[in-house]
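Written below as structure tokens is the structure these notes are about.
All heavy atoms count here, side chains included; hydrogens, waters and symmetry mates do not. Because the structure is predicted, anything quoted here is derived from the model rather than measured.
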Amino acid sequence: MSENPPPPQPPTPTPTPEGPTPTPLRLFGTTWLHHDNGYTLRRIGASLGSLAAAVAGCLLLRFAYQGLQIADVGGIVGTLVIVMFAICSAIAFRKTWEGFTTRPTDPAREQSLRSLKTIGFVGSLLAYFFRSLTEAPGEKLHRQEYETALAQYERRRGTRSGNPAARKKKPKRK
């Protein structure tokens, strides 16, 4: 007695949405669009997580500074390390904060600042923390881009000739 498995079913095609689709954000997906599916909890988690990571980073830097003190490298080196991390953190904070509202005009410059932002990681984490208190980091920029794309789509769709969905129905004459 042989049982034949049922024939494989063809995959059901998922309907493609008309118009532009929102870009997913890291940790938030597309929940930023309608603030649904745990958006508030994700924002709280992102802010607490980035603050905890910033505190852990500061502790790590403190241990590194204590290592310099134990090695007795001198006061000038310790001062230079503190100043370097402070400046790099300030630049990283500013660049990260700007990245939430505007796209970089010069990607090559942003690429060259990547190592500086890595050194000043505490500043980037703090920018992420402060931004996630009010919105998902990058939400404002993505919302502007999505609304612009949606408006362009509606304009193109409505003015395209030969589109039966966009034609206005004329009243019938009697």
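- Inter-residue side-chain proximity for F85 and V81 is flagged as met; some heavy-atom pair is nearer than 4.5 Å.
- Closest of all the heavy-atom pairs between F121 and G57 is CE1-CA, 3.5 Å.
- S89 places no side-chain N or O within donor-acceptor distance of the main-chain N or O of A86, the cut-off being under 3.5 Å.
- For the pair Y128 (side chain) and G123 (backbone), a donor-acceptor distance under 3.5 Å is absent.
- Here the closest heavy-atom approach between residue T30 and residue P22 is recorded as CG2-O, 3.8 Å.
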Practice task
For the pair R62 and C58, evaluate side chain to side chain contact (heavy atoms under 4.5 Å, CB included) and give the outcome as yes or no after the intermediate values.
Solution key: CA-CA 6 Å; R62 175 69 181 150; C58 288; over 6 Å; no
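- Shortest non-hydrogen contact noted between I91 and L116 is CG2-CD2, 3.2 Å.
- For the atom pair CG of L125 and OG1 of T96, the computed distance is 8.5 Å after rounding to the nearest 0.5 Å.
- Smallest separation of non-hydrogen atoms from A46 and S132: C-OG, 4.0 Å.
- Atoms CG and OG, from L27 and S50 in turn, are 9.5 Å apart once rounded to the nearest 0.5 Å.
- Smallest separation of non-hydrogen atoms from K140 and T101: CD-CG2, 4.4 Å.
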Exercise for the section: Determine, step by step, whether T31 and H34 satisfy the side chain to side chain contact (heavy atoms under 4.5 Å, CB included) criterion, reporting the C-alpha distance in whole Å, the side-chain angles of both residues, the deciding distance to 0.1 Å, and the verdict. Expected result: CA-CA 6 Å; T31 61; H34 301 293; over 6 Å; no
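- Separating the NZ atom in K117 from the OG atom in S112 is a distance of 10.5 Å, to the nearest 0.5 Å.
- Between W97 and F93, the ring planes lie parallel to each other; the angle is under 30°, not in the 30° to 60° tilted range.
- The one candidate from R43, E139, H35 that meets the side-chain contact (heavy atoms from CB on, under 4.5 Å) condition with F28 is R43.
- From Q69, atom CD reaches atom CG of D72 across 9.5 Å, with rounding to the nearest 0.5 Å.
- Residues G29 and R42 approach most closely at N-NH1, 4.2 Å, considering heavy atoms.
- Within the model, atoms CG of L60 and OH of Y65 stand 15.5 Å from one another, a figure rounded to the nearest 0.5 Å.
- Cation-pi geometry between R143 and W32 is not met at under 6.0 angstrom from the ring centre and within 45 degrees of the axis.
- Surrounding CG of L59 are more than 12 heavy atoms belonging to other residues, nucleotides or ligands, all under 6.0 Å away.
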